[in-house]
Amino acid sequence: MTLILENLTHAYGQTKTLQGVSLNVEKGEVVSLLGPSGCGKTTLLRLVAGLEHLKSGRIELDGQLLATEGHHPPPETRPVGLVFQEHALFPGMNVAENIMFGLKKLPAAKRQERCRELLNMVGLAGFERRKPGALSGGQQQRVALARALAPAPSVMLLDEPYASVDVMLKREMREAARLLLKQAGSASILVTHDPEEALEMSDRIAIMSDGRILQVGTPEDIIEQPLAPEVAHLFGEAQMLDGEIDGDFLNTPIGRFRIPGGSSESMKGKLYDLVVRPTGLSYHADPDGEWIVRDLRYSSTGRILYLTGANTDSLSVVRVSTGFGAPPVVGERGHIDLLDRHAFLFAKKSH
Amino acid sequence: MTLILENLTHAYGQTKTLQGVSLNVEKGEVVSLLGPSGCGKTTLLRLVAGLEHLKSGRIELDGQLLATEGHHPPPETRPVGLVFQEHALFPGMNVAENIMFGLKKLPAAKRQERCRELLNMVGLAGFERRKPGALSGGQQQRVALARALAPAPSVMLLDEPYASVDVMLKREMREAARLLLKQAGSASILVTHDPEEALEMSDRIAIMSDGRILQVGTPEDIIEQPLAPEVAHLFGEAQMLDGEIDGDFLNTPIGRFRIPGGSSESMKGKLYDLVVRPTGLSYHADPDGEWIVRDLRYSSTGRILYLTGANTDSLSVVRVSTGFGAPPVVGERGHIDLLDRHAFLFAKKSH
Amino acid sequence: GGESSPPAETSAEAPASSGSTSAATEAKKQNAGVVNVYSARHYDSDLALYKQFTEETGIKVNLLEGESDQLIQRMVNEAEFSPADVLITVDAGRLWRGVDRGVFQPLEDQSILNRIPEHFKNPDNYWVALTKRARVIVYNKEDGAPEGLTEYADLADPAYEGEICMRTSTNIYNLSLIASFVSRQGEEGAEEWARGVVSNFARSPQGNDISILKSIAAGECGLTVANTYYIARLGVSENEADREVYNKLGIIFPNQETTGTHVNVSGIGLAKYTKNKENALALIEFLTRPDIQHEFSSGNNEYPAVADAETAPQVIALGDFVADDLNVSELGRNQAAAVRVLDRAGWN
Amino acid sequence: MSVLNALPTRAESETPRPLRVEWHAIGIIALCIFLIIPILGILFGSMAPSEGSWDHLVSTVLWDYVLNTLGLLLIVAVLTSTMGTGAAWLVAVTDFPGRRIFEWLLVLPVAAPAYIIAYVYTDLLEFAGPVQTWIRDVTGWGASDYWFPPIRSLPGAGVMLALVLYPYVYLLARSSFLNQSRTRFAAARSLGASPLRAFWRVALPSAKAAILGGMALAMMETAADFGVADYFGVTTFSTGIYRAWYGLGDPVSSLRLAGLLLVIVAILLMIERAARNDSDAPAIARDSLSPPMKLGPVLSIGAMIGCAIPILFGFLIPVLRLIWLALEADGVRSVSQFVIFARNSFSLSIGTALIALLLALFLAYAQRSRTRADRLPVSVAATRLATLGYALPGTLLAVGLLLPLTSFDKILSSWVENQFGLGLGLILTGSVFALIYAYVIRFLTVAYNTVEPAVGAIPTSMDEAARTLGSRTWRIVSKVHFPGLRPALYSAALLVFIDTMRELPATLLLRPFNFETLATRVYRLASDERLAEASTAALALVVIGLIPVLLLNKVSKRH
Ligand SMILES: Nc1ncnc2c1ncn2[C@@H]1O[C@H](COP(=O)(O)OP(=O)(O)OP(=O)(O)O)[C@@H](O)[C@H]1O
Ligand SMILES: Nc1ncnc2c1ncn2[C@@H]1O[C@H](COP(=O)(O)OP(=O)(O)OP(=O)(O)O)[C@@H](O)[C@H]1O
Ligand SMILES: [Fe+3]
Ligand SMILES: [Mg+2]
Ligand SMILES: [Mg+2]
């Protein structure tokens with residue numbers, strides 16, 4: 001069961017939304033789709049589900065053509081399930097009826113059974129009779145997820161299915177959903193805004209921007225070898241800085257950084273994007289340091305220092321992760337070193 | 001400008017949703033409201049905005065009574081802005097008209113100006129003429145945020161305003177929104193499902209569960225001194241285990257842990273909840289260890305090991321954070337130590 | 001047809017004055033020069049007559065057309081405020097009801113009264129007839145005249161089973177016909193007859209006179225009763241198909257040997273609270289003038305009510321007959337009984 | 001109450017509060033009293049002792065009235081709902097060649113009065129008509145050699161009424177379908193539902209309020225119809241009421257029949273209300289711009305035929321026949337005289353449409369508002385009663401109105417006479433005021449039933465958002481609601497306009513002297529059994545009715 005998207009393009013009227021997107025998803029695989037708001041993620045899912053017509057390109061499932069230009073079988077003939085970003089629950093039906101809507105082929109007992117199972121999974125046992133209007137936002141979203149999972153379709157498309165679910169529940173739900181999808185052997189695409197979710201949930205991650213896919217790879221690939229600054233920027237609270245190579249240093253508007261491996265001849269004088277995660281920097285106090293500690297905040301993985309360059313007027317901060325030892329004091333000076341992990345230099349595209 | 005919520009209760013028909021909620025928010029302060037789906041967060045905001053009538057308790061703003069039992073001034077008379085979880089954009093109006101809707105008192109030029117400013121902030125410059133129906137989910141949410149921020153109300157209530165916005169934009173937007181709210185001196189309550197967001201965005205955090213507030217405090221308080229297992233559980237990907245004190249160890253269904261400071265006499269034999277973040281555990285390889293490494297995943301802050309107890313049948317895993325050194329091998333055995341930070345023991349309430 | 005449809009301008013005349021000012025104030029303003037007519041006759045040919053009246057006398061005719069009973073109701077409600085000066089209705093039953101509900105005052109003008117035969121005016125002179133129409137039995141000439149059919153009573157004869165088409169019991173023409181039965185034979189007699197007719201129906205009661213006449217011509221129905229003016233109208237129609245229908249119709253004036261053919265009238269009465277009595281009387285006088293009576297006949301194919309008025313040729317062509325001399329007030333009095341009779345007989 | 005259901009969100013949270021004087025409620029009740037005068041008159045009138053005719057009616061024809069009326073209502077309900085809903089769905093949701101044209105052609109039949117259609121069809125299809133004559137000529141059959149569906153019959157009457165009444169359902173259902181979230185429909189399909197099942201399970205339930213509202217209108221008009229039923233010889237309540245009053249001369253029995261009819265209609269309406277359920281549309285249908293569902297060639301042809309049938313039979317055939325008759329009768333000559341009639345009809349209709357629309361909006365909003373005590377049961381009941389006027393046979397309504405109007409007039413007039421010595425006469429009775437008053441009472445139902453589902457479908461979250469942004473009611477209504485209400489408002493205005501155009505009994509009785517409308521003109525000729533001559537006026541009536549239909553099409557295109 002392989003889902004192959006080949007060179008898909010699409011537009012709403014004049015607005016181009018997809019410009020040649022290709023992606024393969026294997027049976028039982030979960031591929032996350034990550035990208036900025038408005039980049040075309042929902043549109044991509046709608047194309048696969050048959051709710052939009054593609055302009056060019058082709059979609060194949062298991063060697064069979066699913067759609068191409070001029071060939072658009074209707075959604076109900078495609079073995080594709082879709083969780084809608086806006087839930088799209090049926091307001092006249094109660095929760096159980098919503099979930100069982102896609103199960104009309106099963107005998108009634110089986111249907112009930114499956115419904116109960118899914119309600120347990122999304123933590124809504126006992127809500128069978130509620131109408132969607134009397135559910136909280138997160139509860140609605142969970143019903144939408146359960147409804148789409150119910151028929152165990154060959155292709156499962158999930159559009160931010162956990163956006164309004166709290167972390168704890170989300171964690172449980174995504175493990176459970178992952179299991180269900182694997183059991184059913186569905187090829188799944190999961191749209192999410194949460195890089196951590198993508199890392200945890202998915203076999204591979206596809207990063208989209210502006211109607212294009214920038215990189216597809218395993219979580220490790222994506223984290224360790226991002227191919228574009230946008231990709232690197234997505235994870236680990238990274239920050240992006242413009243910089244120019246100056247000897248072994250990178251001069252940025254907010255201060256200068258030493259380049260760990262030094263710079264090669266060819267890099268000299270060129271413009272670069274520096275993408276660096278707080279964990280890609282280390283700090284040590286030094287009264288002569290070029291950086292000043294401005295603020296200090298907590299995160300669950302440690303303290304984050306906010307520093308500004310001592311020699312620039314810029315008030316922009318750089319964030320550096322520190323361990324759990326004695327905290328630096330706000331106002332003290334120090335050095336920042338770029339580490340050779342979690343910090344990436346990308347040559348700027350020539351304008 | 002202090003917003004005081006005192007002992008609020010509320011119910012939908014027979015469903016009790018709030019059971020004595022008290023909370024103060026200072027002028028210019030941002031308080032995050034965190035809690036599981038369906039716990040009553042939205043309901044609380046609706047009470048303050050005047051969209052629901054409280055059953056008992058009182059709401060005060062700046063020393064003035066805003067609402068109490070039997071006194072429910074309508075929403076339009078309250079200096080309260082609300083970003084709706086479901087966006088609630090006006091479908092007939094374009095983006096600019098939506099944003100300017102609350103600005104009717106300003107002269108037209110000012111209004112336009114403010115609209116432009118806010119559109120820039122939410123990254124939607126150029127979308128002025130679009131109807132909401134032609135926006136992506138995240139774009140709609142951003143318009144909703146801009147619309148609520150526009151009149152700079154004294155009290156600002158934000159119901160998951162960033163749920164469908166991608167991380168990078170979210171970071172920018174929340175900084176910008178924070179600035180705007182501080183400038184306006186609004187007392188703000190921000191509902192979110194994202195603990196990290198709460199930690200970063202807010203001056204204080206309130207944790208709700210089941211219609212009650214469990215704890216209110218600064219991010220540091222909440223992270224370092226959670227008062228309830230539910231609170232501790234929320235942050236840093238924590239896991240919760242049942243355990244029984246056995247000498248200096250805690251026996252859990254999935255394996256035993258040494259208690260860092262040892263146990264006191266009074267703790268013996270009692271049941272405890274252990275809430276531990278991956279960063280609250282350390283691992284070292286040891287062929288005689290009681291744990292087996294089952295999996296190893298990436299997260300932006302390091303590797304996460306998934307281990308199961310070597311002496312139990314349970315397949316439940318415990319997650320341990322490791323540094324960036326040479327990774328352990330899947331299948332190897334080792335020891336886990338509880339650290340004295342990011343691991344919390346809560347005596348179980350007697351049944 | 002051409003004769004029955006007046007030229008466009010005539011009918012445009014009446015509504016030309018603004019309707020938005022109240023009728024009452026209008027009456028006040030031009031007290032000398034108007035007569036307010038409530039009329040249930042709605043023939044275009046009447047409009048021409050009103051126009052002629054205005055030309056002759058300078059009195060303007062304000063016209064309100066409606067259904068008889070509603071107009072009576074309106075006059076009852078308006079009582080002494082009523083702007084109406086005269087009421088014209090199209091059925092004896094309605095005239096009777098007008099008297100019953102006290103909307104008329106007696107006509108004292110002998111010159112008018114003298115023109116009208118005795119049984120075509122109210123015994124107390126509350127109204128006089130303007131026109132009369134006979135209700136005759138009609139058959140299809142191509143099928144030959146039905147033998148032995150000379151009386152209304154014969155329609156109940158089982159020999160005519162499956163032949164008869166009738167209008168529904170809401171229709172006043174049939175109600176009046178039955179009412180005349182009730183007058184003569186009592187409710188039981190009338191009912192027995194009605195049952196006989198019902199069992200002879202070719203189809204359930206439906207349609208109107210014209211449509212049933214066409215059904216007769218087409219052969220769907222064998223027999224019916226119809227008002228003479230409809231038959232005559234078909235004869236003088238400009239439409240060829242109508243004239244073909246006419247040519248196929250045979251007419252029987254029933255009860256010639258006994259009581260005479262059932263005749264109904266349209267009539268006029270002076271409103272009880274008239275404020276333009278002079279003008280109203282002038283109008284009644286005008287409408288009962290022999291030459292104008294002739295116009296009724298040629299315009300709407302009716303028989304004049306006035307004895308010495310000339311009947312139009314197309315009406316004469318229907319044939320000569322002896323009319324029932326039952327006072328038409330009887331028809332009104334027995335109308336409710338007629339309805340009950342029809343209900344019981346299952347004539348819907 | 002449907003509106004409550006339509007807003008499932010948070011209504012229950014209302015804490016019950018003690019009753020207090022609510023000006024809203026008083027306003028509504030006052031308005032309703034003003035509107036239900038004739039109905040109250042009937043209800044009271046029917047309680048007077050009868051002169052014996054009542055027993056007679058009960059023992060002879062009452063059951064016929066009940067059965068025939070219910071039969072007629074059933075036929076009309078089934079036909080209007082299938083034709084109206086089916087056509088509305090096809091043009092709103094699917095795409096096939098000619099959809100845009102069909103979209104507005106489908107409204108046309110509403111412009112033709114039912115009794116005209118009935119006359120035309122009997123003229124065409126009766127035994128003596130051209131169709132059967134032609135059959136006989138071609139085949140040589142005689143009268144009894146073949147079966148032809150009898151046009152003047154209960155089913156025939158049902159079909160005639162349905163042909164002109166289905167646009168009520170069509171208009172309401174269409175705007176409901178257009179406002180619906182297509183995402184939900186898409187969700188159903190991606191869960192494997194065929195378009196038909198998705199329509200049945202998802203689209204239809206959401207449009208239920210609108211469809212039932214339209215059916216209720218069609219059924220009320222059917223209940224009130226006299227012309228068709230009488231001409232076809234179908235004894236319904238409406239013909240019975242007429243006969244009891246004018247034939248039996250027994251107003252009390254007549255009023256009792258009317259009271260009974262109202263009770264039946266009220267029960268049907270209650271069933272209708274109960275059958276409505278939640279239909280909260282989300283504010284934003286994400287893909288409202290995406291192309292509607294394209295139909296394949298076979299389905300396209302099916303859809304075209306489906307849409308063409310009601311247009312063909314409800315409009316094209318009758319109008320062509322009317323044109324034929326008008327030409328035959330040389331009606332062209334008399335066109336000039338219609339200018340004045342048309343002007344009268346037109347201005348009355350416009351006035352009535354505007355007033356009815358305003359009142360309907362007021363009542364609909366009163367029913368919707370959930371934070372005010374104006375949802376007192378009294379005001380709900382009053383609204384229900386006030387919007388029942390449509391089920392009253394027009395004759396009765398007119399008579400029912402005449403009494404209070406003239407009484408008031410007389411009091412006024414005597415007072416003026418005493419005070420100023422001025423003979424005022426009757427000002428209201430027999431003036432345009434009385435006419436419009438009667439029209440509004442009668443057609444408020446139409447406006448209300450059209451506007452109310454649209455008002456009810458506005459999600460409360462819209463109001464809430466606007467209110468937290470500091471807007472008061474008026475601004476919310478005009479800025480936030482109005483854009484969404486516009487199609488329904490236009491539909492309501494159109495329907496009231498056309499209904500007023502063709503209203504007859506009240507016009508006849510209450511109009512001023514020398515005041516003719518197109519409808520009275522048609523009636524003069526038709527009641528004199530001059531179909532050919534009436535055809536020209538009937539055509540004029542239809543043509544003027546088309547004006548707002550065309551306008552409606554223009555504005556709804558912009559939507
Ligand atoms: N109209 C209603 N009738 C009955 N119960 C309701 C209604 N609306 C909400 N509830 C219930 O009230 C509880 C609180 O709802 P609320 O919307 O405040 O939750 P929430 O904390 O905002 O959840 P979420 O994070 O999922 O948005 C939920 O359990 C919900 O099911
Ligand atoms: N009906 C429409 N007409 C015109 N443009 C549209 C329409 N629907 C969506 N768009 C535009 O298409 C682009 C892609 O939309 P899409 O919904 O696929 O984005 P997305 O990646 O899902 O975003 P989000 O993460 O915010 O949901 C957006 O810029 C959006 O504004
Ligand atoms: Fe006649
Ligand atoms: Mg999206
Ligand atoms: Mg919520």
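The basis for the numbers below is simple: all heavy atoms, side chains too, and nothing from hydrogens, waters or symmetry mates. Throughout, a chain's letter reflects where its sequence line sits, starting with A, and its residues are numbered from 1.
- Taking all atoms of both residues into account, the shortest heavy-atom contact from B:P74 to D:R467 is CB-NH2, 3.1 Å.
- Distance CG/B:N98 to CG/D:L469: 9.0 Å, rounded to 0.5 Å.
- Going from atom NZ of D:K479 over to atom CE of B:M93 covers 7.0 Å, rounded to the nearest 0.5 Å.
- Heavy-atom minimum distance, B:P91 versus D:M462: CD-SD, 3.6 Å.
- Heavy-atom proximity under 4.5 angstrom to chain D picks out B:K104 from residues 104-124 of chain B.
- Shown here for D:P483 and B:G92, the closest heavy-atom pair between the two residues is CB-CA, 4.3 Å.
- Sorted by first and then second residue, the pairs that involve residues 92-139 of chain B and meet ring-ring contact (aromatic ring centres under 6.0 Å, His included), not counting sequence neighbours, are B:F90-B:F101.
- Contact of the B:L51 side chain with the D:T468 side chain is registered, since non-hydrogen atoms from C-beta on lie closer than 4.5 Å.
- A 6.0 Å sphere centred on CD of B:Q183 holds more than 12 heavy atoms belonging to other residues, nucleotides or ligands.
- Atom CG of B:D210 has 12 or fewer neighbouring heavy atoms from other residues, nucleotides or ligands inside a 6.0 Å radius.
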